[in-house]
S.K.: 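Have a look at the structure that comes next, please.
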Amino acid sequence: MLTDDPGTPGNGHVELDIAATVQRGGSQQSWELPAIDLNYGVGEHIQLNLETSYIVSKRSGQGAIGGAGNASAAVKWRFLDQESDGISMSAYPRVEWNPLRSSVRRGLVEDGTRLLLPVQIARRVGVVDLDTEVGSLLSSIGRGEWIYGLIAGTAVTSSMDVMAELHGMARTSLARDGLTLNIGLRRKLSASASLIASLGRDVRSATGVPLSSVGYFGVQLTF
């Protein structure tokens, strides 16, 4: 899902997500093959994160091109726990940059370095887990944006969770906002592996930007 939550892997534990993603909008399709999301727990309340991907993009009437996606590094600090405080809350600052300028020149990634400063809040209400996220996105090129998201999830079996998400981005002036609806699932395959997948569609897009569909399919490994 696009919205993060306050959860961390636990002290000394690793969480590795390996996935394929697809986005289709207007005359363009792009894939991340693969998308890598690596997390490491330092104590019970801190998570270190690295993300990157390999991107393949294709426009109608043109051949496919590929190259390295952006890389990002983040640190999550959960400073409230639901068990002791009645609510979970974390800060998750992230910096994203262009490892290869060739990917920028070919239009595979956006130019510039970006800094994301979000806060996540989670609470369990009955059988439903609610996660919210809000923060600012600052860029060395272009205008800043706000990000916001809400996830509601529940267990349908002892090994499967389902969730629905609304995730949006807007200019700092709250103009030119876009909103995406996602439906996802997590199914436990073994003690250390889970299947994770989601499908989404823009329900509102920034002016001049075509509505797009997004898909995510991957495996989460913990050890």
Side-chain angles (χ1 to χ4, degrees), residues 1-5 17 19-37 51-62 64-67 69-70 72 92 94 96 103-104 106-112 114-121 128-139 141-154 161-186 195-218:
M1 311 301 276
L2 300 172
T3 302
D4 279 306
D5 63 75
D17 299 337
T21 75
V22 60
Q23 181 170 355
R24 303 180 62 181
S27 62
Q28 185 171 0
Q29 301 179 41
S30 63
W31 299 266
E32 291 179 296
L33 301 168
I36 305 296
D37 182 350
E51 295 184 16
T52 191
S53 64
Y54 186 85
I55 298 176
V56 178
S57 180
K58 186 179 186 306
R59 292 182 180 273
S60 297
Q62 301 179 10
I65 57 173
N70 282 345
S72 72
Y92 200 8
R94 174 181 303 276
E96 180 181 299
S103 294
V104 177
R106 303 173 77 189
L108 294 170
V109 297
E110 294 184 16
D111 195 6
R114 304 202 295 175
L115 177 63
L116 178 61
L117 300 170
V119 172
Q120 300 80 31
I121 302 172
V128 177
D129 291 308
L130 296 175
D131 298 295
T132 62
E133 180 178 41
V134 63
S136 60
L137 179 62
L138 308 175
S139 178
I141 297 177
R143 299 181 180 180
E145 296 178 307
W146 291 103
I147 64 102
Y148 53 94
L150 171 65
I151 295 179
T154 189
D161 298 330
V162 296
M163 58 212 77
E165 172 190 38
L166 282 173
H167 185 273
M169 299 185 70
R171 292 284 175 85
T172 51
S173 62
L174 299 182
R176 297 172 61 88
D177 64 322
L179 188 64
T180 302
L181 171 64
N182 262 327
I183 304 296
L185 66 85
R186 179 186 293 108
L195 171 70
I196 47 178
S198 68
L199 289 173
R201 174 72 177 173
D202 290 342
V203 294
R204 187 170 63 242
S205 180
T207 303
V209 179
L211 295 175
S212 64
S213 301
V214 294
Y216 180 102
F217 183 86

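Not measured: the values here are computed from a predicted model. Numbers here are sequence positions counted from 1. When reading the values below, keep in mind they use all heavy atoms of this one structure, side chains included, and skip hydrogens, waters and symmetry mates.
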S.K.: In this structure, which one of Asp17, Leu199, Val22 forms a side-chain contact (heavy atoms from CB on, under 4.5 Å) with Tyr216?
M.R.: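 One option only clears the test, and that one is Asp17.
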
S.K.: Can you confirm whether Arg59 is buried at CZ, in the sense that more than 12 heavy atoms of other residues, nucleotides or ligands lie under 6.0 Å from that atom?
M.R.: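 Count not over threshold, so no.
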
S.K.: With distance as the sole criterion, is a donor-acceptor pair present between the side chains of Asp5 and Gln120 under 3.5 Å?
M.R.: no

S.K.: Where is the tightest heavy-atom contact between Pro210 and Gly25, given as atom of each residue plus distance?
M.R.: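 So the two residues come closest at CB-C, 4.3 Å.
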
S.K.: Roughly how far, to the nearest 0.5 Å, is the CG atom of Leu116 from the CD atom of Glu133?
M.R.: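 Taking CD in Glu133 and CG in Leu116, the distance rounds to 6.5 Å.
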
S.K.: List the atom of Gly67, the atom of Leu108, and the distance in Å for their closest heavy-atom pair.
M.R.: N-CD1, 3.4 Å

S.K.: So, do Trp31 and Gln23 sit near enough that their side-chain heavy atoms are less than 4.5 Å apart?
M.R.: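 They are not in contact (no side-chain heavy atoms under 4.5 Å apart), so the answer is no.
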
S.K.: Looking only at the side chains, is there a donor atom on one of Arg201 and Ser213 sitting less than 3.5 Å from an acceptor on the other?
M.R.: yes

S.K.: Is there a donor-acceptor contact under 3.5 Å from the side chain of Glu51 to the main chain of Ser72?
M.R.: no

S.K.: Taking the side chain from Arg204 and the backbone from Thr180, do they hold a donor-acceptor pair closer than 3.5 Å?
M.R.: no

S.K.: Rounded to the nearest 0.5 Å, how far does CE of Met163 lie from CE of Met1?
M.R.: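 Met1 CE to Met163 CE: 6.0 Å, rounded to 0.5 Å.
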
S.K.: In Å, rounded to the nearest 0.5 Å, how long is the span from CG of Asp161 to CG of Asp129?
M.R.: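 Here the interatomic distance stands at 7.5 Å.
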
S.K.: Just verifying a value: how many Å separate Ser53 OG and Ile36 CD1, rounded to the nearest 0.5 Å?
M.R.: 9.0 Å

S.K.: Would you confirm whether Glu165, through its side chain, and Ala152, through its main-chain N or O, come within 3.5 Å as a donor-acceptor pair?
M.R.: no

S.K.: What residue among Asp131, Leu2, Leu130, Leu166 forms side-chain contact (heavy atoms from CB on, under 4.5 Å) with Ile151?
M.R.: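 Considering Asp131, Leu2, Leu130, Leu166, a side-chain contact (heavy atoms from CB on, under 4.5 Å) with Ile151 is found only for Asp131.
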
S.K.: Any side-chain to backbone donor/acceptor pair from Asn182 onto Gly200? Under 3.5 Å, distance only.
M.R.: yes

S.K.: Measure the spacing between CD of Gln29 and CZ of Arg24 and express it to the nearest 0.5 Å.
M.R.: 4.0 Å

S.K.: Distance alone, cut at 3.5 Å: any donor-acceptor contact between the side chains of Ser57 and Gln28?
M.R.: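 There is such a pair (donor and acceptor under 3.5 Å, judged by atom type) between the side chains of Ser57 and Gln28.
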
S.K.: Between atom CG of Asn70 and atom OG1 of Thr52, what is the distance when rounded to the nearest 0.5 Å?
M.R.: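 Asn70 atom CG to Thr52 atom OG1 measures 8.0 Å (nearest 0.5 Å).
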
S.K.: Quick check: closest heavy atoms across Tyr54 and Gly66, and the distance to 0.1 Å?
M.R.: OH-C, 3.4 Å

S.K.: Testing the basics here: between Thr21 and Ala35, what is the closest heavy-atom pair and its distance to 0.1 Å?
M.R.: CG2-CB, 4.3 Å

S.K.: With a 4.5 Å limit on heavy-atom distance, are the side chains of Leu195 and Arg186 in contact?
M.R.: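 No; the side chains remain at least 4.5 Å from each other.
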
S.K.: Which atom pair, heavy atoms only, marks the closest approach of Pro118 to Ile147?
M.R.: CB-CD1, 4.3 Å

S.K.: If we ignore hydrogens and angles and just use 3.5 Å, is the side chain of Asp202 paired with the main-chain N or O of Ser212 as donor and acceptor?
M.R.: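 Yes; judged by distance alone, with no hydrogens or angles, the pair exists.
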
S.K.: Considering non-hydrogen atoms only, spot the tightest contact between Ala20 and Leu33 and give its length.
M.R.: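 Answer, listing the atom of Ala20 first, then Leu33: CB-CD2, 3.7 Å.
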
S.K.: Check for a donor-acceptor pair, side chain of Ser139 on one end and backbone N or O of Ile141 on the other, with a separation under 3.5 Å.
M.R.: yes

